[in-house]
Amino acid sequence: MSWASEDVEAMRTALALAAEAARDGEVPVGAVVVRGGDVLGRGRNRSVADHDPSAHAEIVALREAATAVGNHRLPQATVYVTLEPCPMCFAAMAQARVGRVVFGAYDDKAGAAGSAIDLGESRALNHRFEINGGLLADEAGELLERFFEERR
C-alpha cells in the first residue's frame with residue numbers, strides 16, 4: 001500500500017506517544033485521532049498509571065477527541081494506532097463511528113482487525129470503518145519487542 005504523507009506523520013506522532021508510554025513502564029502503544037488534518041486527541045497506554053484496564057491508547061485518544069469536539073461521535077475521523085486494536089478498542093471505535101483506522105504492528109494474540117479475530121466482519125457491531133494495517137509496522141514492532149525483552 002502507498003501511504004499518504006499525512007498518514008506517516010500521524011503514525012510518527014503515535015510512535016512518539018508509544019515511546020513515552022514505554023518510558024513510564026506502560027506497554028508502548030500510542031494513538032492519535034485526526035479529522036480534517038486536525039489532531040483531535042492523543043493517547044498512550046495508561047492502564048498501570050491510572051489503575052484502569054480500559055486506559056488503552058485508543059480509548060484515551062478517543063476520550064480526548066470526543067471532549068474536544070463535544071460529541072461522543074467522531075465521524076470522518078481517522079484513528080492512528082501503533083498496534084492492531086484489541087476487541088475492546090475496536091468496539092469503542094465502532095461506537096464512536098470513526099471513518100478509518102490505521103495501525104502499525106499486527107497483533108497475532110489479541111488483534112481484532114483480522115489477526116486474532118476480525119471484528120470488521122462481525123454482525124455484532126453496527127458500524128463499519130476502513131481498516132489499513134502495517135504503517136511503520138517495523139518501528140512499532142521494535143518498540144514492543146524491546147519493551148518485553150527488558151522485562152524478561
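Values below: all heavy atoms of this structure, side chains included; hydrogens, waters and symmetry mates excluded.
Annotation: ring-ring contact (aromatic ring centres under 6.0 Å, His included) contacts involving residues 97-123, sequence neighbours excluded, comprise Phe103-Tyr106. Applying the side chain to side chain donor-acceptor pair (under 3.5 Å) definition to pairs two or more places apart or across chains, those involving residues 81-94 are Glu84-Ser115. The ring-ring contact (aromatic ring centres under 6.0 Å, His included) analysis of residues 17-54, with sequence neighbours excluded, yields no pairs.
Residues that satisfy the side-chain hydrogen bond (donor to acceptor under 3.5 Å, both in side chains) test with Gln76, not counting sequence neighbours, are absent from this structure. Every residue two or more places apart in sequence or in another chain that forms a side-chain contact (heavy atoms from CB on, under 4.5 Å) with Val8 is listed here: Trp3, Arg12, Leu135, Leu136. For Asp24, the salt bridge (Lys or Arg N to Asp or Glu O under 4.0 Å) criterion is met by Arg44, not counting sequence neighbours. Taking the side-chain hydrogen bond (donor to acceptor under 3.5 Å, both in side chains) definition, one finds that Asp38 meets it with nothing, sequence neighbours left out. Taking Asp7 as the reference, Tyr80, Arg100 meet the side-chain hydrogen bond (donor to acceptor under 3.5 Å, both in side chains) condition, with sequence neighbours excluded. Partners of Arg128 under the side-chain hydrogen bond (donor to acceptor under 3.5 Å, both in side chains) rule, at least two apart in sequence or in another chain, do not exist in this structure.
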Check: residues 142-152 side-chain donor-acceptor pairs under 3.5 Å, at least two apart:
unit_1, atom_1, unit_2, atom_2, d
Arg151, NH1, Phe147, O, 3.2

Show me the donor-acceptor pairs within less than 3.5 Å that the side chains of residues 60-70 make with the rest of the protein, sequence neighbours left out.
unit_1, atom_1, unit_2, atom_2, d
Arg63, NH2, Ser54, OG, 3.2
Glu64, OE2, Arg42, N, 3.0
Thr67, OG1, Arg63, O, 3.0

Return a table of donor-acceptor pairs under 3.5 angstrom between the side chains of residues 85-99 and protein atoms on other chains or two or more places apart.
unit_1, atom_1, unit_2, atom_2, d
Arg97, NH1, Ala94, O, 3.1
Arg97, NH1, Gln95, O, 3.4

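For the atom pair OG1 (Thr78) and CG (Asn132), the distance works out to 8.5 Å, reported to the nearest 0.5 Å. Rounding to the nearest 0.5 Å gives a distance of 12.5 Å between CD1 of Ile117 and CG of Asp107. From Leu83, atom CG reaches atom NE2 of His56 across 10.0 Å, with rounding to the nearest 0.5 Å.
Contact between Pro28 and Ala21 at its shortest, heavy atoms only, is CA-CB, 4.1 Å. Here the shortest heavy-atom pairing between Ala18 and Gly30 reads CB-N, 3.5 Å.
Hydrophobic clustering, with ILVMFWY side chains joined whenever heavy atoms are under 4.5 angstrom apart, keeps Val81 apart from Leu17. Under a hydrophobic clustering in which Ile, Leu, Val, Met, Phe, Trp and Tyr are joined whenever their side-chain heavy atoms come within less than 4.5 Å, directly or via other members, Val102 and Val34 fall into the same cluster. Taking hydrophobic clusters as Ile, Leu, Val, Met, Phe, Trp and Tyr residues chained together by side-chain heavy-atom distances below 4.5 Å, Leu15 does not share a cluster with Val29. Follow the hydrophobic side-chain contacts under 4.5 Å out from Val101 and you reach Leu74 in the same cluster. Note: the hydrophobic cluster containing Val32 does not contain Leu40 (ILVMFWY, side chain heavy atoms under 4.5 Å, direct or indirect links).
Under the 3.5 Å distance criterion, the side-chain polar atoms of Ser47 are matched with a main-chain donor or acceptor of Asp52. Under a 3.5 Å cut-off, the side chain of Asn45 and the backbone N or O of Val27 do form a donor-acceptor pair. Side chain of Thr13 to backbone of Glu9: a donor-acceptor contact under 3.5 angstrom is found.
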